[in-house]
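Written out below as C-alpha cells is the structure these notes cover.
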Protein chains: 2
Amino acid sequence: MSEYEHTCMIRGDGGRTIRAILDQICNKWTLLIVATLDQGTLRFTDLHQQIPGISQRMLTLTLRNLERDGLVSRTVYAEVPPRVEYALTTTGKSLIAPALALAGWAIEHVPHIEASRATYQARTVTRG
Amino acid sequence: MSEYEHTCMIRGDGGRTIRAILDQICNKWTLLIVATLDQGTLRFTDLHQQIPGISQRMLTLTLRNLERDGLVSRTVYAEVPPRVEYALTTTGKSLIAPALALAGWAIEHVPHIEASRATYQARTVTRG
DNA sequence: CAGGATCCCGACTGATACTG
DNA sequence: CAGTATCAGTCGGGATCCTG
C-alpha cells in the first residue's frame, strides 16, 4: 500500500473506525502502559509505581480497555492477599514497534518543537 | 538506540516532555489534519470540508498549535476576500511516516480488536 | 493487594452569532 | 473568507473513601 493510500485510510469516511481506535491507542496512558509492560509481566502495584503520575482510577480503566481490546492479558491468582498479573498479548506486543516509531519521532523533534514554541509570535507569513 | 532504551525514554522521568508532546500529537484532530495536509497546501475552508466532523473552533485551535510547534506553516494573502494557506513544514512532513506506522497497525488489527471487544466478558484468567 | 464507588473540577468540544 | 467571542454541555481524570 502506498503512503498516500494510507493517509486516505486515516482520513476517509471508512476510517471512522480507524480513527476511533487510533484515539484510544494514542491517549495519555495507553502507550505508557504498553511501553511499561514491554519489560514483561507486572502486577497492579508495580504498574502504579512505575508509571509516574497515573491515578489508581486511570490505571484500572486503561487496563480494562486494553484487556477488552485484547492487547493485555489479566491473570488473577486466587490467593490471600490477591495477586493480579498483567502482560502484553501477541497483539499488544505488536504495538510496541509502531509506538516506538512515534515516540522516536517525538524524541528526535523535541528540540525543534520547543525552540519553535519559545520563539512563537505571529510567525505567520503575510504575502500579497 | 535499542528498542528497550526507547521504551525507557517513553517511561522514564526524563520522558515527561516526550509524553506531553506525544499527547499533543496524538489528540483527536492533529493526526487527521497532518494527514490531510499530506496532499499539499490547503486553505482553511478546504480543511474544514475535507475533515468530516471538525468544528471551526477546533480546526482553528489545532492549526494554531501546529503552527506554534513548527509543524505547519500559515501564509496570509492580503487580498479581498482573505486567503490563508496552510502547508506542512519539513518537520511536519517527517511526522507522516511514524503516524502512518501507527495507522497501519490500527488498520491491520481492527478485526482482531473488534472481535475481542465483541466477545469481551470477564475473559480474565483465574489461576491458583 | 487490587480495585470499586463517589464527588468534583477544569479542560475539551460543539453550536451559534458576530467581524475585519 | 477566515476567523473571534461567548455560552453551554460533556467528560477526562484526580482525590478520597471503602471493600473482598
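To find a chain, count down the sequence lines: A is the first, B the second, and so on, and within it residues start at 1.
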Is there a side-chain contact between A/Tyr86 and A/Asp46 in this structure, where contact means two heavy atoms from C-beta onward sitting under 4.5 Å apart?
no
Under the criterion side-chain contact (heavy atoms from CB on, under 4.5 Å), I'd like the reasoning laid out for B/Trp29 against B/Leu61: C-alpha separation, chi angles, the key distance, then a yes or no. CA-CA 10 Å; B/Trp29 300 117; B/Leu61 289 180; over 6 Å; no
In short, salt bridge (Lys or Arg N to Asp or Glu O under 4.0 Å) pairs touching residues 97-114 of chain A with sequence neighbours left out are none
Bounded by its outermost nucleotides with an atom under 4.0 Å from a heavy atom of chain A, the footprint on DNA chain D reads D/dG13 to D/dG20
Atom CG of A/Leu42 and atom P of C/dC1 are separated, to the nearest Å, by 15 Å
Double-helix bend of the helix from C/dC1-D/dG20 to C/dG20-D/dC1, axes at both ends from 5 pairs, round to 10°, gives 50°
So do the side chains of B/Leu37 and B/Leu47 get within less than 4.5 Å of each other, counting heavy atoms only? yes
- prompt: Can you check whether A/Arg83 has a side-chain N or O nearer than 4.0 Å to OP1 or OP2 of C/dG3?
  reply: no
Restricting to nitrogen or oxygen on both sides, can you table the protein-nucleotides 7-16 of chain C pairs closer than 3.5 Å?
from, atom 1, to, atom 2, distance (Å)
C/dG14, OP2, B/Ser55, OG, 3.1

Applied to residues 90-118 of chain B, the ring pair (Phe, Tyr, Trp, His ring centres under 6.0 Å) test, sequence neighbours excluded, yields B/Trp105-B/His109
Handout entry: Side chain proximity check, A/Tyr120 to B/Arg64, heavy atoms < 4.5 angstrom
Key = yes
With sequence neighbours left out, the residues meeting salt bridge (charged side-chain N to carboxylate O under 4.0 Å, His left out) with A/Arg83 are A/Glu79, A/Glu85
query = Below 4.0 angstrom from OP1 or OP2 of C/dC1, is there any side-chain N or O of A/Tyr86?
reply = no
### Message
Within the 4.5 Å heavy-atom criterion, are B/Leu42 and B/Thr36 side-chain neighbours or not?
### Response
yes
Distance col, row B/Thr62:OG1 vs B/Leu71:CG, nearest 0.5 angstrom, shows 12.0 Å
Exactly one candidate in A/Leu66, A/Thr30, A/Asn65 meets side-chain contact (heavy atoms from CB on, under 4.5 Å) with A/Gln24; the answer is A/Asn65
Here the distance between atom P of C/dG3 and atom CG of A/Leu66, to the nearest Å, is 13 Å
